[in-house]
Each structure stands twice: as C-alpha cells, then as structure tokens.
2 protein chains.
Amino acid sequence: MGKPTRVTNDIRALRFAAGEMTQAELADRVGLTRQTIIAIEQGRYSPSLEVAFKIARVFGVPLERAFGYPEEGS
Amino acid sequence: MGKPTRVTNDIRALRFAAGEMTQAELADRVGLTRQTIIAIEQGRYSPSLEVAFKIARVFGVPLERAFGYPEEGS
DNA sequence: ACATCGTGTCAAGGATCTTAGACATCTCGG
DNA sequence: CCGAGATGTCTAAGATCCTTGACACGATGT
C-alpha cells in the first residue's frame, strides 16, 4: 500500500460531461490501461506529470482543472 | 536509462527570477533532494504530479507556467 | 595554495506508478 | 434466464521516480 496521495481530481465528472465517456475508452484515448484510470480516479495514487497532461488534453481542459492540490499549511 | 520525457520546464529561469535561488535551496523548500531537482531541471524525467505541484507552489505560479507539454499531432 | 559554493555525474537501492490477467458485482436488454 | 458492458478488487511483475553517498569541475574569495 502506497501512501494515500494529497492530489485530487475531477476526472469522473469530466468523463460524464464528455458524453458518458467510459473508463475503458478514456484509458484507450490516453494510452493507459483501465486499471490505471480506476486507481487515479479513486485517488489511490497520483499519476506522473506526463499522464496528467495527457488526461487533461483528452478533455480539452487545463491541467489544474482536472487535478487539484490542497493549500499549504493545513 | 529511462525514456526521455516530453515534458518541458522553466524552473531554472524561475529560480533565477526568484532571487538567485539555488538548486539546494529549492530542493530543501520543496522537500526533495538536490539530485532530483537537477534531473527534473534537465528534463531527464518528468516528476510526479505531486512534486510538480509543490515546485510550482514554491514559485507561486500555476503549474502550467512551470511545466509544459508539447502539442498533440506532431 | 586552500577552502567553499554551485553545479554536475555515477551507481545502487527503495518507493511509487503502471501493466497484465483473472475474477466478482451490478445493470440492462433479449 | 442468459449474455454483454461498465466498474471494481486482487496479485504479481515491470518501469519510472526519488534518495543516499561519493566524487569531479569551475568559479570565487582569503
């Protein structure tokens, strides 16, 4: 078990907003496996920066719209 | 030998813009080692998304200002 | 000449991300 | 009922990121 990541994401919402796009389809479009999408979507770990960029591009949104990081200090 | 990353970055310029900040100091502020900063700065690999967020925060800029990803298609 | 600082290299090991395959559940349509 | 699609779990292995420690080199200052 890796440590839980502090990185958050909105990709489930983005998938539905993008015409009910399925996890398998997203995985295919991004060039990843379905497993990886599930794990990221659930916040089990944070993706590499490269993968994060690819995902954001699929939805046509800026990276910081798809992924978030909590404020310092708290 | 990992594969060379497509992710680009501006952290060297950002360091100098932030008062001649040194690699060691940046590493310390971000909570990484100096080695990691060097490798990222040279584009030898792309950092994790979490690390990318931390670096951008140190400079007080949005993530996409510190890191870039080339356009699709070519 | 000597010490110090900033940058860089190399190698080995630990931590994290990603893949592959098998399998369970739920829902929906025939 | 039965099959198919979408989501999820588990395990094991491979790839990438990150660390530790040691050492090299040029520039700067005493």
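Residue numbers begin at 1 in each chain, while the letters A, B, ... track the order of the sequences.
Here ring-ring contact (aromatic ring centres under 6.0 Å, His included) pairs that include residues 33-56 of chain B, with residues two or more places apart or in two chains, are Tyr69(A)-Phe53(B). Residue pairs that meet the side-chain hydrogen bond (donor to acceptor under 3.5 Å, both in side chains) test with at least one member in residues 47-59 of chain A, sequence neighbours left out, are Glu50(A)-Thr5(B), Glu50(A)-Arg6(B).
Per the geometry, OH belonging to Tyr45(A) stands 14 Å off P belonging to dC17(D), to the nearest Å. One interatomic measurement links the two molecules: CD1 of Ile40(A) to P of dG8(D), which rounds to 13 Å at whole-angstrom precision. Taking atom CG of residue Leu26(A) and atom C1' of nucleotide dG5(D), one finds them 17 Å apart after rounding to whole Å. Look at CZ on Phe53(B): it is 17 Å from P on dC17(D), rounded to the nearest Å. In this structure, Leu32(B) atom CG and dT16(C) atom C1' are separated by 14 Å, rounded to whole Å. One can place CD1 of Ile55(B) at 13 Å from P of dC17(D), the figure rounded to the nearest angstrom. For the pair Glu41(A) CD and dT9(D) P, the interatomic distance rounds to 11 Å; values are reported in whole Å. Regarding Asp28(A), its CG atom lies at a distance of 12 Å from the P atom of dA20(C), rounded to whole Å.
Under the 3.5 Å distance criterion, the side-chain polar atoms of Glu41(A) are left unmatched by any main-chain donor or acceptor of Ile11(A).
Nearest heavy atoms, Ala52(B) versus Pro47(B): CB-CG, 4.3 Å. Residues Val61(A) and Ala66(A) approach most closely at CG2-CB, 4.3 Å, considering heavy atoms.
Remark: Phe67(B) pairs with no residue by the ring pair (Phe, Tyr, Trp, His ring centres under 6.0 Å) rule, at least two apart or across chains.
Residues from residues 10-25 of chain B with heavy atoms under 4.0 angstrom of DNA chain D: there are none.
In this structure, the side chains of Leu14(B) and Val58(B) stay at 4.5 Å or more apart for every pair of heavy atoms. Between Phe59(B) and Arg15(B), some side-chain heavy-atom pair lies under the 4.5 Å cut-off.
A sub-4.0 Å separation between OP1 or OP2 of dG8(D) and a side-chain N or O of Arg44(A) is absent. Phosphate proximity of dA11(C) to Gln35(B): absent, as no side-chain N or O sits under 4.0 Å from OP1 or OP2. Taking side-chain N and O atoms only, Thr33(A) has a distance below 4.0 Å to OP1 or OP2 of dT19(C). Taking 4.0 angstrom as the limit, Ser46(B) places none of its side-chain polar atoms (N or O) nearer than this to OP1 or OP2 of dT16(D).
Between Gln42(B) and Leu49(A), the residue whose closest nucleotide on DNA chain C is further toward the 5' end is Gln42(B).
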Using nucleotides 23-26 of chain D, report all nitrogen or oxygen pairs with the protein that are shorter than 3.5 Å.
none

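Of the candidate nucleotides dG8(C), dC18(D), dT18(C), dC18(D) has the atom nearest to the side chain of Pro47(B).
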Could you list the donor-acceptor pairs under 3.5 angstrom formed by side chains in residues 16-40 of chain B, with sequence neighbours left out?
{"from": "Thr33(B)", "atom 1": "OG1", "to": "Thr36(B)", "atom 2": "N", "distance (Å)": "3.4"}
{"from": "Thr33(B)", "atom 1": "OG1", "to": "Thr36(B)", "atom 2": "OG1", "distance (Å)": "3.0"}

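If you take CG on Asn9(A) and CZ on Arg65(A), they are separated by 11.5 Å, rounding to the nearest 0.5 Å.
Within 4.0 Å of Ser48(B), counting heavy atoms only, lie sugar-phosphate atoms of the nucleic acid but no base atom.
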